[in-house]
There are 2 protein chains.
Amino acid sequence: MPVELRPTQALRLWHDVTLDLVRDGEHDLSARQMAVLLTVYLEMPPHTVRGLAAKLGVTKPAITRALDTMGRLGLVSRHRDAKDRRNVVIQRTVAGALAVERLGDVVIARHKELPL
Amino acid sequence: MPVELRPTQALRLWHDVTLDLVRDGEHDLSARQMAVLLTVYLEMPPHTVRGLAAKLGVTKPAITRALDTMGRLGLVSRHRDAKDRRNVVIQRTVAGALAVERLGDVVIARHKELPL
DNA sequence: CTTAAATAGAACGGGTCCGAAACGATCAGG
DNA sequence: CCTGATCGTTTCGGACCCGTTCTATTTAAG
């Protein structure tokens with residue numbers, strides 16, 4: 001289980017991972033998009049636009065636009081809910097799962113390298 | 001010091017902290033701005049535009065614009081280098097130090113709450 | 001059937017950021 | 001001096017994102 005993390009280590013970890021993400025430039029996701037991506041892949045489905053908007057504390061169009069961009073990148077997909085056709089269900093994709101997995105690898109690697 | 005971090009825990013940590021940052025909305029810093037901020041506050045000075053651009057792997061104007069925004073927010077300050085007046089030295093501010101400190105607190109808190 | 005509520009998306013005006021290119025200021029060498 | 005190199009900034013056209021407002025579709029209630 002994670003032992004205590006000292007302030008210097010916490011900031012160093014955030015710095016190193018952020019730097020890796022910026023350097024690779026592959027994602028280029030905003031903080032909101034990152035929050036949406038991780039919520040979809042970590043929390044229990046189903047995920048709706050309205051639910052995500054409430055969870056992040058932002059407006060619905062912001063979520064719609066985030067999903068537009070992430071859908072264009074192949075990180076998520078949208079489908080109408082058959083039960084209630086007003087709803088749109090956000091689903092995971094192979095590419096999205098891979099991207100999330102890579103992020104996890106970076107965090108773990110940087111965490112392991114933290115100085116004493 | 002830090003014991004191994006499992007993939008689920010690493011992603012949960014990144015998710016929770018990102019969600020906190022989005023919710024508070026206080027910062028609203030892009031990944032690049034975050035990388036600049038943490039680099040300035042964690043790495044040894046002096047910091048120049050060119051040096052940061054090389055470190056992040058982005059163009060100089062991108063750094064200049066990031067510094068414009070962050071200067072407007074009071075997170076960093078710029079001063080001409082007296083030795084070589086072509087250079088601009090990026091310096092820390094009280095507000096910036098506080099923002100970095102708060103980020104560290106969030107990371108530590110979320111890390112402490114990670115499930116087994 | 002009619003009406004009201006709910007959901008996602010589209011339209012709009014404003015703002016920010018991007019990389020490429022050009023610019024001014026400054027330094028170094030001859 | 002002059003010339004060329006270096007450094008940060010500005011400009012430019014284009015792309016993206018923001019919140020507000022409005023619209024279309026669908027469901028639920030009367």
Side-chain angles (χ1 to χ4, degrees), chain A residues 18-19 21-40 45-92, chain B residues 18-19 21-40 45-92:
Chain A
T18 302
L19 200 56
L21 295 181
V22 170
R23 275 207 233 243
D24 296 0
E26 201 175 337
H27 296 297
D28 202 25
L29 296 182
S30 71
R32 289 183 179 186
Q33 292 166 343
M34 179 66 77
V36 168
L37 181 70
L38 290 176
T39 298
V40 169
H47 300 285
T48 65
V49 174
R50 183 161 193 79
L52 289 170
K55 184 164 194 88
L56 302 203
V58 300
T59 61
K60 279 184 298 177
I63 299 294
T64 294
R65 283 187 294 259
L67 293 176
D68 288 343
T69 300
M70 296 165 64
R72 223 177 296 136
L73 298 175
L75 299 176
V76 297
S77 69
R78 281 183 277 195
H79 296 286
R80 281 283 166 191
D81 184 356
K83 308 281 184 178
D84 184 341
R85 298 190 53 76
R86 288 175 300 185
N87 290 331
V88 164
V89 193
I90 293 92
Q91 290 178 324
R92 306 169 186 173
Chain B
T18 302
L19 201 57
L21 294 181
V22 170
R23 277 207 234 244
D24 297 359
E26 200 175 336
H27 296 296
D28 204 23
L29 296 182
S30 70
R32 290 183 179 185
Q33 293 166 344
M34 178 65 78
V36 169
L37 181 69
L38 289 177
T39 298
V40 168
H47 301 285
T48 65
V49 173
R50 183 162 194 78
L52 290 171
K55 187 168 192 81
L56 302 202
V58 300
T59 60
K60 280 185 297 177
I63 299 295
T64 294
R65 284 185 295 258
L67 294 175
D68 287 343
T69 301
M70 296 166 65
R72 221 177 296 136
L73 298 174
L75 298 176
V76 295
S77 70
R78 280 183 278 194
H79 296 286
R80 281 282 165 193
D81 183 357
K83 308 281 183 176
D84 184 341
R85 299 188 53 73
R86 288 174 301 183
N87 290 332
V88 163
V89 190
I90 293 92
Q91 290 177 324
R92 305 168 185 174

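Quick caveat, the model's predicted, so the values are computed rather than measured. All chains are named by letter (A, B, ...) in the order of the sequence lines, taking the proteins before the strands, and each is independently numbered beginning at 1.
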**OP:** Mind listing the residues from residues 74-86 of chain B sitting with a heavy atom below 4.0 Å of DNA chain D? Number order is fine.
**Re:** B:R78, B:R86
Subject >> Strand contacts (DNA chain D) in residues 61-68 of chain A, 4.0 angstrom heavy-atom criterion >> reply: A:P61, A:A62, A:R65
**OP:** Classify the nucleic acid contact of A:S30 as base, sugar-phosphate or nothing, counting any heavy atom under 4.0 Å across all strands shown.
**Re:** nothing
Subject >> Name of the residue among B:I90, B:V58, B:D68 meeting side chain to side chain contact (heavy atoms under 4.5 Å, CB included) with B:I63 >> reply: B:V58
Side chains of [X] and [Y]: closer than 4.5 Å at any heavy-atom pair?
X	Y	result
A:K55	B:L19	yes
B:N87	B:D84	yes
A:H79	A:V88	no
B:R72	B:T69	yes
B:L29	B:L73	yes

Original post:
Any idea which of D:dG8, C:dC18, D:dC18 is nearest the B:K60 side chain?
Top reply: D:dG8
Subject >> Spatial distance of atom OG1 (A:T48) from atom CZ (A:R86) [nearest 0.5 Å] >> reply: 11.5 Å
Original post:
Hey, what do you get for CG (B:L75) to CE (B:M34), rounding to the nearest 0.5 Å?
Top reply: 10.0 Å
Subject >> From CA spacing to verdict: side chain to side chain contact (heavy atoms under 4.5 Å, CB included), B:Q91, B:R78 >> reply: CA-CA 6 Å; B:Q91 290 177 324; B:R78 280 183 278 194; over 6 Å; no
How long is the line joining [atom1] of [X] and [atom2] of [N], in whole Å?
X	N	atom1	atom2	value
A:I90	C:dT7	CD1	P	13 Å
B:L29	D:dC17	CG	C1'	16 Å
A:M70	C:dG9	CE	P	14 Å

Original post:
Is atom CZ of A:R23 surrounded by more than 12 heavy atoms (other residues, nucleotides or ligands) closer than 6.0 Å?
Top reply: yes
Subject >> Close approaches to DNA chain C from residues 49-58 of chain A, in residue order (heavy atom, under 4.0 Å) >> reply: A:V49, A:R50
**OP:** Using modelled atom types only, decide if a donor and an acceptor are shared between the side chain of A:R85 and the backbone of A:R80 within a distance under 3.5 Å.
**Re:** no
Subject >> Pairwise 5' ranking along DNA chain C for B:T59 and B:R72, keeping only the more 5' one >> reply: B:R72
